There are 2 protein chains.
Amino acid sequence: MPHRALQIACSRCSLRELCMPVDISAADMERLDTLVTTRRRVKRGKPLYSRGDRFSALYAIRSGFFKTRVTASDGREQVTGFQMAGEIMGLDGIVSDEHTCDALALEDAEVCEMPYDRIESLSREVPALQTHVHKIMSREIVRDHGVMLLLGSMRAEERVASFLMNLLQRLHVRGFSEAELVLRMTREEIGSYLGLTLETVSRTFSRFADEGLIEVKHRQVRILDGAGLQTIVDSAGSRR
Amino acid sequence: MPHRALQIACSRCSLRELCMPVDISAADMERLDTLVTTRRRVKRGKPLYSRGDRFSALYAIRSGFFKTRVTASDGREQVTGFQMAGEIMGLDGIVSDEHTCDALALEDAEVCEMPYDRIESLSREVPALQTHVHKIMSREIVRDHGVMLLLGSMRAEERVASFLMNLLQRLHVRGFSEAELVLRMTREEIGSYLGLTLETVSRTFSRFADEGLIEVKHRQVRILDGAGLQTIVDSAGSRR
DNA sequence: CGTCACGTTGACTAATTTCAATAACGGTGG
DNA sequence: CCACCGTTATTGAAATTAGTCAACGTGACG
């Protein structure tokens, strides 16, 4: 057995419960270990894949941080999400056999490549994997609906607070502090994701700081009043 | 063989190419005919499913028009899409075994119910169906990204033009005119979907009419200058 | 230690919302 | 069949949010 196969066994990966089905027999787990064929390193600023690239695999993030963005025919861009360890990327490519968005590393990253044809064939043999793949795609759809709600009905303050709370919650699941985070993206990228300009994002951070909700120092954010932020997210004082 | 089984055979359905995989053997097609167990009628204004309902099936629209909407904890709503004949609904429910949005009929409608456990088991036996299901989910994700682009980076005029062109294109595929359409939803529902108020939607329609791009009479819309509308959609004069 | 990308802040502008009044339609029941 | 009522749509004027333009800091990194 080649050494690398051991290295990339999902069964021994600490992120397993984020990427893989949980209730699964030892025998099935062994089969799933053949899903990831390669690890790939992506340097900060470099694409994992780009729009138009042939689709061939899904990727599980092992370390690092990504953004995905779509581009309109006229060139304007929209960040569609920020992805972190344990999350799956590439689902957009299945429908047309080519990727429809760009995935860019916001810091040096490593991903596990899972060839799509292997996912399909293994899914037929391991029902737990089949269900799992469906759930991952469904989760992405539900997440997207949440972003639509944010973009379609929240004001700037609510969007920014929502963004922070979302990051915080996802980082917390991964064992990080609930009270502190380091932003891996620029104000412009946050703005694109939230449908705001970078100035509005910056001003909103400053206002939150003035109000004693957070402490911001560049990309270092400390949460002083999480409940207060949550109140802003849930504030019924919306416009539409 | 019960009469109803004949009635609801996908193999004889005129919408087959919209819902079902195309390149498929006669034997496989016969198996797929067992996917749809029941037809269900939904009266205008009534839900096909609601948030919190147990998830058990996907639905293919046979006739009629739906909207889906999500609701925030504070009660504000966001329309996440409008669905028409041949489109699949219910994917949001897979991840958590319960629906996360409401699906409401905008006119009397009929849907084909496909029990999810049957989809899963048949998918394992018919790879073309497996791939098809994945593509449907991926298409939904790509569609959602398009909506994010619209909500995050387009101005009101662009959103409304984009909305009209999208409806037109989908209706055209279904054999309707490219120059005329009947809106099945209110200005408020359009506004919710586009992240605008109903007044802004109304005003934008009026402006398009003033400019000779369309003719609007309540929910009857005639396209006078499709190219002009497309120019607005693609206009690079965006803000963000 | 300088340069450049990133971030902050201010003043002004423009787009969209909000509030309000009116009009038109469609379904319902007399 | 027609009148009525509630819902839906239009339009105007005022208010507000967020965007734009511009200047200035500041930190990271070579």
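Below, read A as the first sequence line, B as the second, and so on, with proteins coming before strands; counting in each chain starts at 1. Just so you know, these numbers come straight off a predicted model, no measurement behind them. Both backbone and side-chain heavy atoms feed into the values below; hydrogens, waters and symmetry mates do not.
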Can you tell which of dT17(D), dT11(D), dT8(C) lies closest to the side chain of Leu198(A)?
-> dT8(C)
Do Arg76(A) and Glu158(B) meet the salt-bridge criterion of a basic N to acidic O distance under 4.0 Å?
-> yes
For Arg219(B), answer base if it contacts any base atom (sugar-phosphate contacts may also be present), sugar-phosphate if it contacts only those atoms, and nothing otherwise; contact means non-hydrogen atoms under 4.0 Å.
-> sugar-phosphate
Which one, dT10(D), dG10(C), dG7(C), comes nearest to the side chain of Arg203(A)?
-> dG10(C)
Rounded to whole angstroms, how far apart are CZ on Arg184(A) and P on dG7(C)?
-> 13 Å
Measure up the His99(B) and Tyr59(B) rings against each other and bin them: parallel (under 30°), tilted (30 to 60°), perpendicular (over 60°).
-> tilted
What are the two closest non-hydrogen atoms of Ile214(B) and Phe205(B), and how far apart are they?
-> CD1-O, 3.8 Å
Can you tell which of dC19(C), dA9(D), dT8(C) lies closest to the side chain of Ser202(B)?
-> dA9(D)
Among the nucleotides dT8(C), dC19(C), dA18(D), whichever has the atom closest to the side chain of Arg155(A) is dA18(D)
Rounded to whole angstroms, how far apart are CD on Glu157(B) and P on dA14(C)?
-> 16 Å
Over 12 foreign heavy atoms within 6.0 Å of CZ, Arg44(A) = no
Between C1' of dA15(C) and CG of Leu194(B), the distance in whole Å = 16 Å
Indicate for each nucleotide in nucleotides 20-28 of chain C, in 5' to 3' sequence, whether protein heavy atoms under 4.0 Å reach the base (B), only the sugar-phosphate (S), or nothing (-).
-> ----SS---
Ignoring backbone atoms, establish whether Arg187(B) has a side-chain N or O less than 4.0 Å from OP1 or OP2 of dT8(D).
-> no
What's the shortest heavy-atom distance between Ser192(A) and Glu77(A), and which atoms?
-> OG-O, 3.8 Å
Between Ile214(B) (CD1) and dT10(D) (P), how many Å, whole number?
-> 10 Å
Between atom CD in Gln220(A) and atom P in dG7(C), what is the gap in whole Å?
-> 13 Å
Rounded off to whole Å, could you give me the CZ-to-C1' distance for the Arg159(A) and dT17(D) pair?
-> 11 Å
Separation of atom CE in Met154(A) from atom P in dT17(D), rounded to whole Å = 17 Å
Worked check of salt bridge (charged side-chain N to carboxylate O under 4.0 Å, His left out) between Glu87(A) and Arg139(A) | CA-CA 11 Å; Glu87(A) 297 180 333; Arg139(A) 178 180 302 131; over 6 Å; no
Going by atom types only, do Thr68(B) and Gln83(B) share a side-chain donor-acceptor pair under 3.5 Å?
-> yes
Hey, does the side chain of Thr197(A) come within less than 4.0 Å of dA18(D)'s phosphate (OP1/OP2), counting only N and O?
-> no
Can you find a side chain N or O atom of Ser206(B) that sits less than 4.0 Å from OP1 or OP2 on dT11(D)?
-> yes
Hey, is the side chain of Thr200(B) poking within less than 4.0 Å of OP1 or OP2 on dT16(C), counting only N and O atoms?
-> no
